[in-house]
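Chain naming here is simple, since letters A, B, ... match the order of the sequence lines and numbering starts at 1 in each.
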Protein chains: 2
Amino acid sequence: MPNASRTRTLLENSPFFQAAGAAAMTEVLRASFTQILPRGARLFEQGDEPDFLHMLLEGSVGLQAQVEGSGSTMVELFGAGEVFLAAAVVLRLPYLATAVALTEVRVLMIPADAFREGVSRSHDLCKATTQLLARHWRLMVDQVVDVKLRTAEDRVARFLAHRVSEEAGTGNAAMPEPRAAIAARLGMTPETLSRALATLEQKGKLRRSATGALVADRTALSK
Amino acid sequence: MPNASRTRTLLENSPFFQAAGAAAMTEVLRASFTQILPRGARLFEQGDEPDFLHMLLEGSVGLQAQVEGSGSTMVELFGAGEVFLAAAVVLRLPYLATAVALTEVRVLMIPADAFREGVSRSHDLCKATTQLLARHWRLMVDQVVDVKLRTAEDRVARFLAHRVSEEAGTGNAAMPEPRAAIAARLGMTPETLSRALATLEQKGKLRRSATGALVADRTALSK
DNA sequence: CAGGACGATTGATCCTGATCAAGCAAGACG
DNA sequence: CGTCTTGCTTGATCAGGATCAATCGTCCTG
């Protein structure tokens with residue numbers, strides 16, 4: 001399938017597009033364009049004024065926050081179909097984090113002005129934005145609970161279980177992004193992540209396929 | 001000042017009310033009422049279907065999330081003027097956390113139906129909601145960064161600095177909520193909070209007034 | 001094919017903050 | 001007015017995960 005039509009399918013099936021409705025979206029999309037970036041590229045930097053709202057069409061992007069003198073973490077990972085950093089765009093406030101391409105990515109760039117105008121003009125688009133932000137808020141709540149309450153091994157198990165449930169069918173947990181990024185998202189070092197994976201494998205909750213991909217027993221993982 | 005008019009003032013000055021505009025708000029407020037609850041009361045429970053959007057008029061409320069077998073944390077603290085749990089109301093999804101009154105509170109109860117209808121009818125109210133959610137998302141991002149990257153003592157210092165800056169004028173950091181709640185919000189035990197406060201005091205970044213209230217040197221705290 | 005370079009894994013040790021356990025101050029109540 | 005409760009503080013010990021360090025495997029490149 002060529003890129004153009006795959007983009008359209010992905011777009012139209014995304015929850016955000018669904019909620020906003022085709023009418024409002026085509027308007028906003030008129031000003032948008034797609035871009036392909038290699039692993040390691042930065043979509044924007046912490047502190048920048050937001051010029052674009054992004055929708056990830058393919059690949060994986062990490063939101064990396066750095067703190068003077070204390071290193072950096074991955075605040076969130078986004079996969080294909082996700083629209084991100086609506087918060088900064090809506091508030092016209094500098095990004096709190098840098099967006100890094102963790103794999104090669106194809107990303108739809110929606111100019112911030114066009115988006116804000118769309119939100120102003122279209123009530124449906126505004127409502128869709130509200131739902132998007134509400135969902136994202138809840139994801140962050142989940143993460144806070146995870147980091148504060150669960151052990152490193154638990155967090156890894158839950159992360160894998162979540163990945164498995166996204167990958168409909170096969171009990172396969174894809175981890176296309178570098179270990180260091182996943183570890184940072186989970187609030188641990190790569191060493192700890194590695195050990196947790198080893199432990200889970202040893203407990204039989206996980207095994208490696210011939211290709212090295214992780215195959216998980218979902219029911220075993222969630223407990 | 002009697003409660004009724006104080007309520008009106010607080011309401012009209014809140015960022016949410018400002019953004020939504022008086023017209024849309026009066027409509028929504030028609031169905032609302034205020035309630036006074038003692039410390040320890042629960043406004044709603046984790047898992048409940050949201051029946052109300054809440055606006056805190058006085059006092060302090062904590063969002064407490066509990067995890068089977070791993071205890072519970074305070075995900076967020078809300079003070080007077082804050083509107084909370086718009087996310088659950090917007091999505092019609094069960095609350096992820098329990099709301100506990102950490103002091104005696106006066107709270108405006110906005111029926112979820114009335115609010116959702118208001119958002120559907122009024123584009124301004126919808127825009128105000130996106131701004132509210134965007135702000136709340138950023139608060140959670142801040143917290144994730146804090147918990148993952150900073151030491152307990154740093155988090156306490158930053159928390160105090162923030163409280164001081166809210167308390168315009170006097171370098172006074174109010175802590176009306178129980179220590180255990182603050183500690184949980186900061187991702188530590190009450191013991192660790194206590195020790196951190198002692199250390200900051202000893203470093204001269206903090207002192208106690210005659211009444212026992214904490215007085216902080218803001219510039220010293222932030223570094 | 002040798003030589004790096006980089007990411008993941010494994011091993012040894014250390015440190016922050018949790019846990020367990022007393023003390024202590026202040027209000028509640030018979 | 002004593003005692004009981006509750007919340008905060010202080011002390012001693014423990015453990016989960018970080019850090020430091022070495023090894024391994026894979027890919028890249030000359």
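One atom, CE of A:Met175, and another, C1' of C:dG7, lie 13 Å apart when rounded to the nearest Å. Taking atom CG of A:Leu193 as the reference point, atom C1' of C:dG7 lies 12 Å away to the nearest angstrom. C:dT9 atom P lies 12 Å from atom CG of A:Leu200, rounded to whole Å. Atom NZ of A:Lys148 and atom C1' of C:dG17 are 15 Å apart (whole Å).
The distance from the OG1 atom of B:Thr130 to the CZ atom of B:Arg135 is 9.5 Å, given to the nearest 0.5 Å. How far CG of B:Leu160 is from CG of B:Leu197: 6.0 Å, rounded to the nearest 0.5 Å.
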Quiz item: Can you list the steps and then say if B:Leu11 with B:Leu29 is a side chain to side chain contact (heavy atoms under 4.5 Å, CB included)?
Solution: CA-CA 10 Å; B:Leu11 256 172; B:Leu29 291 178; 4.0 Å; yes

Exercise. May I have the step-by-step check of side chain to side chain contact (heavy atoms under 4.5 Å, CB included) for A:Met175 and A:Phe159, ending in yes or no?
Key: CA-CA 10 Å; A:Met175 294 207 282; A:Phe159 177 81; 4.3 Å; yes

Quiz item: After noting the C-alpha distance and the side-chain angles of B:Val105 and B:Ile36, does the key distance pass the side chain to side chain contact (heavy atoms under 4.5 Å, CB included) rule?
Solution: CA-CA 6 Å; B:Val105 299; B:Ile36 295 189; over 6 Å; no

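Note that the first and last nucleotides of DNA chain D, 5' to 3', having any atom under 4.0 angstrom from a heavy atom of chain B are D:dC8 to D:dA12.
Among the protein residues, A:Gly71 comes within range of no part of the nucleic acid, since none of its heavy atoms lies under 4.0 Å from any strand. Across all strands shown, A:Pro190 has no heavy atoms under 4.0 Å from either base or sugar-phosphate atoms.
Side-chain contact annotation: A:Gln143 with A:Lys148, donor-acceptor N/O pair under 3.5 Å absent. Side chains of A:Gln64 and A:Thr98: no donor on one and acceptor on the other come within 3.5 Å.
Below 30°, between 30° and 60°, or above 60°: for B:Phe78 and B:Phe84 the angle between ring planes is below 30°, a parallel geometry.
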Self-check item: Letter per nucleotide, 5' to 3', of nucleotides 19-27 of chain C [B base touched, S only sugar-phosphate touched, - untouched; heavy atoms, 4.0 Å]
Solution: BB-------

